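Please read the structure below before turning to the comments.
It should be emphasised that the depicted structure is a prediction, and the values quoted were computed from it without experimental measurement.
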Amino acid sequence: MQRTYISGISERKDGDEVTLFGWVQEIRKLKKLSFIVLRDHTGTVQITIKPENVSGYDQITSVNRESVVSVRGNVSFNSGAKAGVEITARDVKILNTSEAPLPLAIFEGIQSDFETRLNNRSLDLREPFHNLIFRIESSLLWGIRKYMHEHDFQEVHTPKIVASATEGGANLFQVRYFEREVFLNQSPQLYKEMLMASGMDRVFEVGPAFRAEEHNTVRHLNEFTSIDIEMSFCDHNEVMKVLEESVNSGLKEVFERYGEEVRKINPALEIQKLPFPRVTYRECIRLLSDEGVEAKFGDDFSPEQLRLIGRHFPGFYFITEWPSEVRAFYTMPKPEDPEVTNSFDLQYGERELTSGAQRVHDPKMLEKRLVEKGLNPEDFNFHLNAFRYGMPPHAGWAIGLERLTMILLNLPNIREVSLFPRDRTRVVP
RNA sequence: GCCCCGAUAGUGUAGCGGCCUAUCAUACGAGCCUGUCGAGCUCGUGACACGGGUCCAAAUCCCGUUCGGGGCGCCA
């Protein structure tokens, strides 16, 4: 007995016997026969059940919606079913029943609140679109991973449990670690740099990052998936190239697999020609001032300002050469203009996707930058040690997988792209 | 952290001082009908977040609490 997926039925011949597994999405009970709409992760199909063909007819046709069943039956292409095909059941087994009523509306033409959906996330994910989001995310990541492997990047896994609140900036979650207090890492940054000192040359990591920020917005999560790379003997320009190429590789994979669906969800999305436009931070300030909006050098752009800038650059573009005030201590100053850095953000319209930069590789300069940022170099000894015995010049970036997927599908809330989102208040389920 | 907004059946909503023993849809239950396919029809089930106050009268107005949504700030 071999399982057939619902999407595979169309390849069968009329009369073929198939065995399907799935959920009962709908039951229509008539006098002389009944119909079940059966769903698996590949689609839905109508099952025709006649009392004379199956045993346990009454029990089968009175099962609650969303119960799990197996169906053995024959493919029928000439049945009058609107979909053009249906299955004439020979044997239906109830594998597990579902309670009723359901705690949220999935197939009733009613849009439940996101809150209700998240409280019942496993049920919510049965809804084909919600499910599709994650298959697309998986393809996207696969496309990026493929690019990394093809370009000689080694996938690594750095610790998420770390000893000290090191990097300044974002707040860390404190957790108990036996008799000590430790932290959940906010980024693999320091570790992937240390791997440059170990001669790994090109690494990438896909893993969770934790931010104890009390933000309450549609684009922030307190736990998200970070795609990180670090690369030796290169500057920011080379990793920007890696970034745009890998993003395109991810998009290509998505279009190959889910092109039809994605074009429906977000018709504006396309694989953009390389290179993506580059605009410097200073140019952005000028651009804003031309529009009559004051922007002070040394400040980050506000959402409002990013909206204005984004209007000039539909799609992907880089904002480069950020002032050192708004960049982390490890960011390399631009040699011929040290007020700014060899850094960049990848943007999509008004939305920020990535931060990256060439890093400081000289331990003396790194120490100096730590002090300038008000941090204590002592706390960074584990990191600085890696720089004392021959650290190559290097650069890298980090991109949020959820942000990227959200932009791709033009979704209004990043939580849609997280299976079980962690935000300011939600830690369950 | 600041500002604004909200909470009515399982789900999603209408109502915004008396016409509310609260609308509609969907769900759920009973039945009728029909190769159905967003099925149709009939009947039924089911709710004003919590606590206080104002008022002759509160789902409706006020205060507090809890929970939620959005914006900003913060945020590699």
Side-chain angles (χ1 to χ4, degrees), chain A residues 25-38 44-50 61-62 64-66 76 78-86 88 98-120 123-124 127 166-172 185-190 192-193 209-222 224 226 228 230 299-307 322 324-331 341 343-346 352-357 359 373 396-400 403 412-413 415 423-426:
Chain A
Q25 189 170 118
E26 208 178 324
I27 303 178
R28 281 188 286 273
K29 205 169 175 177
L30 278 63
K31 190 157 231 169
K32 282 174 285 192
L33 77 171
S34 293
F35 300 97
I36 284 180
V37 176
L38 184 76
T44 57
V45 68
Q46 175 166 287
I47 314 290
T48 303
I49 307 173
K50 294 182 175 163
T61 55
S62 59
N64 286 336
R65 291 157 69 228
E66 294 303 315
S76 168
N78 315 300
S79 56
K82 271 199 178 158
V85 64
E86 67 176 14
T88 308
S98 167
E99 289 179 23
L102 301 170
L104 79 165
I106 332 179
F107 300 101
E108 293 155 26
I110 290 170
Q111 185 70 349
S112 295
D113 286 346
F114 201 18
E115 163 85 1
T116 309
R117 289 177 42 209
L118 289 177
N119 285 338
N120 301 280
L123 260 179
D124 176 55
E127 199 281 318
T166 47
E167 297 178 44
N171 294 116
L172 293 123
N185 210 175
Q186 61 182 219
S187 137
Q189 183 58 36
L190 301 185
K192 61 183 185 169
E193 286 194 70
F210 304 91
R211 303 278 162 90
E213 295 297 336
E214 302 203 352
H215 34 48
N216 181 18
T217 80
V218 291
R219 57 188 183 281
H220 292 278
L221 291 167
N222 292 288
F224 65 94
S226 180
D228 267 84
E230 204 67 33
D299 281 351
D300 218 335
F301 295 120
S302 70
E304 178 60 33
Q305 291 169 332
L306 284 175
R307 265 189 287 278
W322 292 77
S324 35
E325 292 99 302
V326 294
R327 287 285 155 160
F329 69 88
Y330 49 76
T331 310
T341 54
S343 61
F344 57 89
D345 276 7
L346 178 65
E352 181 193 334
L353 273 171
T354 307
S355 276
R359 326 293 192 187
K373 286 277 174 187
W397 45 256
I399 186 165
R403 285 242 180 127
N413 193 324
R415 295 169 184 86
D423 61 28
R424 179 71 187 81
T425 51
R426 180 175 288 279

Report task. Nearest whole angstrom, please: distance from the P of B:U11 to the CG of A:L123. Result -> 13 Å

Short N/O separations, protein against nucleotides 39-42 of chain B, under 3.5 angstrom:
residue : atom : partner : partner atom : Å
B:A39   : OP1  : A:E26   : OE2          : 3.0
B:A39   : OP2  : A:E26   : OE1          : 3.2
B:A39   : OP2  : A:E26   : OE2          : 2.0
B:A39   : OP2  : A:R28   : NH1          : 2.7

Query raised in the report: Can you tell me how far C1' in B:A9 sits from the matching atom in B:G71, rounded to whole Å?
Result: 32 Å

Query raised in the report: Using atom C1' of each nucleotide, how far apart are B:G69 and B:G29 to the nearest Å?
Result: 35 Å

Query raised in the report: When you match A:S62 and A:L104 each to their closest nucleotide on RNA chain B, which lands nearer the 5' end?
Result: A:L104

Query raised in the report: In whole Å, what separates the C1' atom of B:U66 from that of B:A22?
Result: 25 Å

Query raised in the report: Between A:Q25 (CD) and B:U36 (C1'), how many Å, whole number?
Result: 15 Å

Query raised in the report: For RNA chain B, which ranges pair as stems of 3 or more consecutive Watson-Crick or G-U pairs, with both donor-acceptor distances under 3.5 Å?
Result: B:1-7 with B:66-72, B:10-12 with B:24-26, B:27-32 with B:40-45, B:49-53 with B:61-65

**Report entry** Expected output: side-chain A:N64 to main-chain A:S98 donor-acceptor under 3.5 Å
**Finding:** yes

Query raised in the report: For A:E99 and B:U11, what is the distance between atoms CD and P respectively, to the nearest whole Å?
Result: 14 Å

Query - Value in whole Å for how far the P atom of B:C75 lies from CZ of A:R327 - result: 13 Å

Query raised in the report: Contact class for A:E86 vs. all strands (heavy atom < 4.0 Å): base, sugar-phosphate, or nothing?
Result: base

Report task. Look at the side chain of A:N413 and the backbone N and O of A:R415, then say whether any donor-acceptor pair between them is shorter than 3.5 Å. Result -> yes

**Report entry** Rounded distance in Å between the C1' positions of B:U42 and B:U34
**Finding:** 15 Å

Requested in this report: Determine the interatomic distance between C1' on B:U54 and the same-named atom on B:C61; round to the nearest Å.
Outcome: 8 Å

Requested in this report: With RNA chain B as reference, determine whether A:E214 or A:F35 sits nearer its 5' end, using the nearest nucleotide of each.
Outcome: A:E214

Query raised in the report: Got a donor-acceptor pair under 3.5 Å from the side chain of A:H220 to the base of B:C75?
Result: yes

Report task. Measure the distance from CD on A:Q111 to C1' on B:U26 and round it to the nearest whole Å. Result -> 14 Å

Query - Gap between atoms CD1 and P, on A:I27 and B:A27 respectively (whole Å) - result: 13 Å

Could I get a table of every N or O pair under 3.5 Å where one atom is in the protein and the other is in nucleotides 64-68 of chain B?
residue : atom : partner : partner atom : Å
B:G68   : O3'  : A:E115  : OE1          : 3.3

**Report entry** Spatial distance of atom OG1 (A:T331) from atom CZ (A:F344) [nearest 0.5 Å]
**Finding:** 10.5 Å

**Report entry** Interatomic distance where CZ belongs to A:F210 and P belongs to B:C74 [whole Å]
**Finding:** 24 Å

Query raised in the report: Is a side-chain donor or acceptor of A:S34 paired with a backbone partner of A:I49 at a separation under 3.5 angstrom?
Result: no

Query raised in the report: Under the side-chain contact (heavy atoms from CB on, under 4.5 Å) criterion, do A:N119 and A:R426 qualify, and how do the steps go?
Result: CA-CA 10 Å; A:N119 285 338; A:R426 180 175 288 279; 3.1 Å; yes

Query raised in the report: Using atom C1' of each nucleotide, how far apart are B:G1 and B:G18 to the nearest Å?
Result: 44 Å

Query raised in the report: Are A:Q46 and A:T48 side-chain neighbours, meaning at least one heavy-atom pair lies under 4.5 Å?
Result: yes

Report task. Compare all side-chain heavy atoms of A:R211 with those of A:S187 and state whether any distance is below 4.5 angstrom. Result -> yes

Query raised in the report: Taking A:R219 for the side chain and A:R403 for the main chain, is one N or O donor matched with an acceptor at less than 3.5 Å?
Result: no

Query raised in the report: What's the CG-C1' distance between A:L118 and B:U11, to the nearest Å?
Result: 15 Å

**Report entry** Gap between atom CG of A:L190 and atom CD of A:E230 - 0.5 Å precision
**Finding:** 10.0 Å

Query raised in the report: With sugar-phosphate meaning primed atoms plus P, OP1 and OP2, does A:K50 contact a base, only sugar-phosphate, or nothing at under 4.0 Å between heavy atoms?
Result: base

Report task. Determine the contact category for A:N413: base if any of its heavy atoms lies under 4.0 Å from a base atom, sugar-phosphate if only primed atoms, P, OP1 or OP2 are that close, otherwise nothing. Result -> sugar-phosphate

Query raised in the report: When the C1' atoms of B:C16 and B:C48 are considered, how many whole Å apart are they?
Result: 12 Å

**Report entry** Partner of A:R65 under side chain to side chain donor-acceptor pair (under 3.5 Å), chosen from A:E26, A:E108, A:Q25
**Finding:** A:E108

Report task. Determine: side-chain N/O of A:R65 to OP1/OP2 of B:U26, distance under 4.0 Å, yes or no. Result -> no

Requested in this report: Answer yes or no: does a side-chain N or O of A:T116 lie under 4.0 Å from OP1 or OP2 of B:G12?
Outcome: yes

Report task. Show your reasoning for whether side-chain contact (heavy atoms from CB on, under 4.5 Å) applies to A:E214 and A:H220. Result -> CA-CA 10 Å; A:E214 302 203 352; A:H220 292 278; over 6 Å; no

Query raised in the report: Between A:R219 and B:C72, is there a side-chain N or O to OP1/OP2 distance below 4.0 Å?
Result: yes

Requested in this report: Evaluate salt bridge (Lys or Arg N to Asp or Glu O under 4.0 Å) for A:E127 paired with A:R117, printing each intermediate quantity in order.
Outcome: CA-CA 10 Å; A:E127 199 281 318; A:R117 289 177 42 209; over 6 Å; no

Requested in this report: Have a look at A:V218 and say if it touches a base, only the backbone sugar-phosphate, or nothing, with a 4.0 Å heavy-atom cut-off.
Outcome: sugar-phosphate

Query raised in the report: Considering only heavy atoms from C-beta outward, does the side chain of A:E66 approach that of A:F107 to under 4.5 Å?
Result: yes

Query raised in the report: Would you say the base of B:U36 and the side-chain of A:Q46 have a donor-acceptor pair closer than 3.5 Å?
Result: yes

Query raised in the report: Which part of the nucleic acid does A:R403 contact within heavy-atom distance under 4.0 Å: base, sugar-phosphate only, or nothing?
Result: nothing

Query raised in the report: Between B:C41 and B:U26, how far is it from one P atom to the other, in whole Å?
Result: 8 Å

Query - Derivation and outcome, side-chain contact (heavy atoms from CB on, under 4.5 Å), residues A:H215 and A:N222 - result: CA-CA 8 Å; A:H215 34 48; A:N222 292 288; 3.7 Å; yes

